[in-house]
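No hydrogens, no waters, no symmetry mates; every other heavy atom, side chains included, goes into these values.
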Amino acid sequence: MPSDRNPGHALLADAQIRSGKESLPADLCLRIHRLMVRSRAMEERMIKMSKSGEGYFWIGGPGEEAFNTCLGLQVKKGEGPAYDYLHFHYRNSAAMIAMGMPMIEGIRQMAMTVTDTHSLGRNFAGHYAKKEWNVVPVTSVIEVQYVMAPGTAHVQKRYGGDGITIVCGGDAGTAEGDFASCLIWSSRPGHELPVLIVIENNRWGISTPAESVHAEKHIIDRGKAFGIEGEVVDGNDPIASWHAIRRAMEYCRTKRRPFMLEAMVSRLYGHSSSSGALRVKDEPCCIELFEKKLLGEGVIDQETIDQIHEQARAEADEALEQAMNEPRPTAADVYRYTYAPSRVDAVYPDDYTGLPEA
Amino acid sequence: MPSDRNPGHALLADAQIRSGKESLPADLCLRIHRLMVRSRAMEERMIKMSKSGEGYFWIGGPGEEAFNTCLGLQVKKGEGPAYDYLHFHYRNSAAMIAMGMPMIEGIRQMAMTVTDTHSLGRNFAGHYAKKEWNVVPVTSVIEVQYVMAPGTAHVQKRYGGDGITIVCGGDAGTAEGDFASCLIWSSRPGHELPVLIVIENNRWGISTPAESVHAEKHIIDRGKAFGIEGEVVDGNDPIASWHAIRRAMEYCRTKRRPFMLEAMVSRLYGHSSSSGALRVKDEPCCIELFEKKLLGEGVIDQETIDQIHEQARAEADEALEQAMNEPRPTAADVYRYTYAPSRVDAVYPDDYTGLPEA
Amino acid sequence: MATLVQAVRMALHYGEEHLGVTDIFGEDVGPPLGGVFTATQGLRTAWNTPLDERGIVGMAMGIAYAGGKPVAEIQFCDYGFNTIDLLKVAGNQRWAGAGNFAMPIVLMTPSGSGIRGSLYHSHSFESWAARLAGWKIVMPSTPLDAYGLMLSAIEDPNPVMVLLPKALLRVRGDKLIPGEPEDEQTLKEMIDAPVGDRTHWKPRWPKLEPYFIPLGVASLVREGQNATVVSYGRTLPLCVQAADQLTEEFGYTFDVLDLRSIFPYDWKAISRSILKTGRILIINEDTEVTNFGEHLLRRVIDHHFYDLLVRPRALMGKHNPGIGLNQEYERNTVPQLPHIKQAMREIAEEEA
Amino acid sequence: MATLVQAVRMALHYGEEHLGVTDIFGEDVGPPLGGVFTATQGLRTAWNTPLDERGIVGMAMGIAYAGGKPVAEIQFCDYGFNTIDLLKVAGNQRWAGAGNFAMPIVLMTPSGSGIRGSLYHSHSFESWAARLAGWKIVMPSTPLDAYGLMLSAIEDPNPVMVLLPKALLRVRGDKLIPGEPEDEQTLKEMIDAPVGDRTHWKPRWPKLEPYFIPLGVASLVREGQNATVVSYGRTLPLCVQAADQLTEEFGYTFDVLDLRSIFPYDWKAISRSILKTGRILIINEDTEVTNFGEHLLRRVIDHHFYDLLVRPRALMGKHNPGIGLNQEYERNTVPQLPHIKQAMREIAEEEA
Ligand SMILES: Cc1ncc(C[n+]2csc(CCOP(=O)(O)OP(=O)(O)O)c2C)c(N)n1
Ligand SMILES: Cc1ncc(C[n+]2csc(CCOP(=O)(O)OP(=O)(O)O)c2C)c(N)n1
Ligand SMILES: [Mg+2]
Ligand SMILES: [Mg+2]
């Protein structure tokens, strides 16, 4: 697997790339860039799979790589309440890649192999579940993650330390009551919870423009009545995103209170493969924008960029090739993992085995 | 039935009773007062029924008479979208009495007679349904009225005129997602709806103090993110309530947009008969307060007040006596009113009759 | 011939023009998309809602209270499980309110498996729905039935849920909808939105005729002697296929009843057929614990225990947390043609 | 003897002290009230939530994900119907997530009729609950069973729903809970909160012993020959009463099985009893269309059709929008002692 570091450039150790008043070290920017490209390559590989029949339905996060990469890199990764809990939706692959997930884990899910550790070939792409990293299972049901997030944060608040809960979802989904529940449960007086409430606002819910159904100027404004602070950030700008995430995490980690972060992002392949997964032309691409900046700052050249894309595509192709050779689920897998083993269950001590028998 | 007018006093036609900067004509105040007393008498009669076995469970609105009487008197009463729709909860009896409901209608429900036109002896007290007045059926399920209210308002907006939708509920219930849904659906850009969103804030949900589970200073603050204006009013003060309701209604009627009105009210007999329905001593009583004011202003004397209470109690007693002599439901009523007659239903053309038969 | 989804669209158009439908709404139901399955393209009263199923059901109830006639969509039945309390209220409010208000709403939603839908686009809803007292529940398996049942759903002044079998939405029938042009391509050009920019597109509707299929009337799709098969939705055409194959291969013939109305169901038709065949097999794809098919079986036992020649049975989906995306899961979770054929053969062949 | 609700409270205390329970919560579950039925009075980890059932279920799931052991309460099952989607997720997340996370939550909620509850305090939940794959569902009918099932519910690392029969919450059993003081009054003084100010009240807990009733094991409450009766919850003691009366009056004897676990259910026990009696009557009070009893009946038909001497049957509540407050409604909507006795007598007397 190629390293996250860009070997083609000898950087001044202290070079800084700026965006507005903020900046990041050049080597971090290059690392972010490569991760963004790798995430995009994985998604684009999956889109092809959805068209070739190597997979079926595709949904994912092209256009959200800048924000998600910066999120993934700053997660306090580990298992248990000392670490961050992640309640993702289906557009957070770039965060997983940034956390160190090998591409093949995503590809296996799309290929529906039994080696898919996230869902055993059962769930749609981007529906991750990874206990070692506190990534709770992503479900297709919009917004339900927002009522579970206060639960992990509740345990973390009691546990102490600086682990926080991060919950992510789209803009349209905030119309579900569960979003409001998250605000209420995170801000109970005397029981405020360290929940970083993220909204990835692409201004769309499938075909419905946000402004046609939502009166809120910013979704984070909804937090004010509860005393929940928030920030809106350009999710297409990794430097701005990095710092906004850093501030938000810092706030939750130290104040042990909720914070809302609304990232304005693009949706570069439409909603999903159901809507054709065609590249849209009228939304900014965070990778193109970032490359322009990096080129302008002279910390990378076009050839290296091309090479990074090439490597990422190759990595995705290899992952696919490997995945396609891995075993598929069989009839025997249908019931697997329904129940955890129980010493007090006379019928299903180990797992579900079909209706109770004599 | 005694008239709403107080015959005992020859009033100066233009006498005004003040509360802060606002005032109401004395004759209106006396009318409001008598209605409040009658509502209270009906509730107290029901509480006794819950203890005597003439009824079972009691829940109702003692402590909310000031606000609800002023609400009921200002409703545009009638049937269909030209008139106001009322989505009540279980503490709005005083509004019904103010609208002209005879006490016996409430008493019949408590007595579970088949003559109960609101529920055929099926539902708890205070669960009204009255088509001629656009009072849609009250259900015990907290907060669901808030997702239906935009629906009646949607029809009214399209219909034109100045009919509005009024939805009422408690403070604790605003934690349900349905309250948030009401805000979202009432404020869709270009489709703002004439919904008067009322919160009757008694600072309790059964045994749970509001401040222990809610961070909002005022519940109406939640409207701000959606551009929904609002007002908090002392629901124990009929003069303040009258004007706040008047302003709110005027806003909804003319602007055809939502408005939030939060009335701070008392809960004078605890949550319900389940919690004993005992008179609490530490919350202000709107009737006592108002009587003090009216006495102070010299528009009524104690004797008349006593007489009004006496008459109200007598009216309630008579209603009960009559109700207790009315027929009860029988086994034949069990399925009645399940289905409306349908010309396209081969099995249930008239009503439900049990499982399909050969 | 129209597809099932085109039939629904035409029914809704008929409803708008002749049956007083005032609002057709749901997530992505209005322009530009006209529904994720195109069921609502080009409809005059179709509009997009916020992403909030509870709001959608509540809006429908409110519209109905105020005298409107709403048709609301839940995008997939899989996403309707947060509204069960509201559906219960919609079903009980008339009863609870002493008949003051009717509740003339139509709720349509795609149900069942067969579209490689993974966990959350493969749920069945009828067993849940059947428990909603005060509701009527229908599920067409052909375009013409979809048209006729949708018209009745709209006409009926009670809450009616129209379950649309996901797997059959794009399937064509063998009967024209009254008023439908004979040529598929013509219909498509008239009522299907073009790919790409739709800003100025307007449908040209055929002159549709009324066609009401009464609620509670099943359709006898095949007539036979060896056993009664009761089904609906995705599994219905599979039962027909299996029946035809078994006739061809072994000479067995079946009464195949397309229930169409799940509640009220056509007990007369079921009962009559059992009295003829003495054998009954009920087939659906919902999960097998507390399944609507088990209710039907109970009725069979109640009324015909002593008329049965062999054990009555039900073939259903497995009691499983979901249907996995890999098709191996789906094939082994919900009845497929081979399972259905085998079950039909077994009941026909069992010695009485 | 403890009441059922006291038994639950003691089980929760045992859970807090010995089985790792970290949080007991719900609407009015914490001080001062300790639950509308007093089930959670004086418990160390009990706290009050906002009035939001979806938030309650979500909180439980989150706590479980983070390694806690939550017991959540829905105040009445009647108010849980807006959470069915979440319950489904709780039941499927382990399966969907390839076994990454378990979901060790307990959800307890009062279920059934019998408290003059009108529409919204009379619902039954077991038929809905049985459809939730990935869950286990129990319903005790005695204090000792409540104690033993609650301990197992807590111990089991899967989502377990504990349905508490509303009508029996204040009923006393005839067996002591291990560790319970012999004298009722002593127990009351130790663990019931006083009326009035409770600010300084602290319970004194008896030294309770572990007692686990395995999930999926029924209890044979009466043994007999003439028929098998399967029930649980409110109707169970009525079945026992009817059995005793019928023995006394006519000499009929019954196997009366208290199912206790609704899923998984004790198929072995049911099957064994049918083989003995050849007659089975299933009784519950949930609505009769798509009722869990119909599932059991289907299993009976599947496995014992040819072992049955007479028609098997189920006595259930009417398919009705609700149970009305006037007791005439309740008496004619859900099975009462006379209905149960008559059904038992009929099945015992029917000629084989
Ligand atoms: C509860 C629920 N309702 C409907 C859907 C179908 N659906 C899938 S994605 C989507 C739009 C989501 O929009 P948004 O929340 O903005 O997220 P985005 O896809 O734009 O990232 C819808 C309606 C669903 N998955 N869950
Ligand atoms: C959905 C739902 N959950 C729980 C209940 C039980 N319950 C009845 S009243 C009540 C408290 C309501 O408090 P609030 O909304 O403030 O209204 P108040 O009774 O104080 O007027 C609760 C929890 C219910 N009726 N509906
Ligand atoms: Mg979006
Ligand atoms: Mg309150």
Are side-chain heavy atoms of [X] and [Y] found at a separation under 4.5 Å?
| X | Y | value |
| --- | --- | --- |
| Pro264(C) | Tyr352(B) | no |
| His154(B) | Ile63(C) | yes |
| Leu86(C) | Val147(B) | yes |
| Arg298(C) | Leu355(B) | yes |

Using the side chain to side chain contact (heavy atoms under 4.5 Å, CB included) rule, pick out the option among Leu149(C), Leu151(C), Asp156(C), Val160(C) that qualifies with Val344(B).
->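 That would be Asp156(C); it is the only one of Leu149(C), Leu151(C), Asp156(C), Val160(C) passing the side chain to side chain contact (heavy atoms under 4.5 Å, CB included) with Val344(B).
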When you look at [atom1] of [X], are more than 12 heavy atoms from neighbouring residues, nucleotides or ligands closer to it than 6.0 Å?
| X | atom1 | value |
| --- | --- | --- |
| Lys276(C) | NZ | yes |
| Lys224(B) | NZ | no |
| Phe101(C) | CZ | yes |

Identify which of [options] forms the greatest number of heavy-atom pairs closer than 4.5 Å to chain B.
| options | result |
| --- | --- |
| Pro104(C), Gly68(C), Gly67(C), Ala96(C) | Ala96(C) |
| Ile270(C), Thr49(C), Asp85(C) | Thr49(C) |
| Asn92(C), Thr22(C), Ile213(C) | Thr22(C) |
| Gly216(C), Ala98(C), Gly134(C) | Ala98(C) |

Against chain C, work out which of [options] has the most heavy-atom pairs shorter than 4.5 Å and name it.
| options | result |
| --- | --- |
| Val155(B), Asp116(B), Leu120(B), Asp345(B) | Asp345(B) |
| Arg336(B), Gln156(B), Lys130(B) | Lys130(B) |
| Val135(B), Val144(B), Val136(B) | Val136(B) |
| Gly121(B), Ala153(B), Pro341(B) | Pro341(B) |
| Gly163(B), Gly80(B), Ala346(B) | Ala346(B) |
| Ile184(B), Thr117(B), Asn134(B) | Thr117(B) |

What pair of heavy atoms forms the shortest contact from [X] to [Y], and how long is it?
| X | Y | result |
| --- | --- | --- |
| Ser342(B) | Lys136(C) | CB-NZ, 3.9 Å |
| Ala102(C) | Ala340(B) | CB-CB, 4.3 Å |
| Trp267(C) | Ala358(B) | CD1-N, 3.4 Å |
| Trp95(C) | Val334(B) | NE1-O, 2.8 Å |
| Gly55(C) | Trp185(B) | C-CZ2, 3.4 Å |
| Thr338(B) | Asn158(C) | O-OD1, 4.3 Å |

Using the side-chain contact (heavy atoms from CB on, under 4.5 Å) rule, take Phe263(C) and Tyr348(B) through it: C-alpha gap first, then chi angles, then the decisive distance, then the call.
-> CA-CA 10 Å; Phe263(C) 202 88; Tyr348(B) 304 122; 3.6 Å; yes
Working to the nearest 0.5 Å, report the span between CE of Met59(C) and OG of Ser181(B).
->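 Here the interatomic distance stands at 10.5 Å.
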How far does OG1 of Thr139(B) sit from NZ of Lys88(C), to the nearest 0.5 angstrom?
-> 10.5 Å
Can you say whether Asp302(C) sits under 4.5 Å from chain B via the side chain, the backbone, both, or neither, judging by heavy atoms?
->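 The answer is neither part of Asp302(C).
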Interface moiety of Ser271(C) toward chain B, non-hydrogen atoms closer than 4.5 Å = side chain
Mark yes or no for whether Arg122(B), through its side chain, and Gly97(C), through its backbone, hold a donor-acceptor pair below 3.5 Å.
-> no
Mark yes or no for whether Tyr337(B), through its side chain, and Gln93(C), through its backbone, hold a donor-acceptor pair below 3.5 Å.
->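 No, because the side chain of Tyr337(B) does not come within donor-acceptor range (under 3.5 Å) of the backbone of Gln93(C).
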Less than 4.5 Å to any heavy atom of chain C: does that hold for the side chain of [X], its backbone, both, or neither?
| X | answer |
| --- | --- |
| Tyr85(B) | side chain |
| Asp178(B) | side chain |
| Ala149(B) | neither |
| Tyr335(B) | backbone |

So, His118(B) and Asn100(C): side-chain donor and acceptor under 3.5 Å apart, yes or no?
-> no
So, Glu357(B) and Arg299(C), do they make that salt bridge, N to O below 4.0 Å?
-> yes
Axial cation check for Phe212(C) ring with Arg343(B), 6.0 Å and 45° limits = yes
Under 30°, 30 to 60°, or over 60°: which ring-plane class applies to Trp47(C) and His191(B), parallel, tilted or perpendicular?
-> parallel
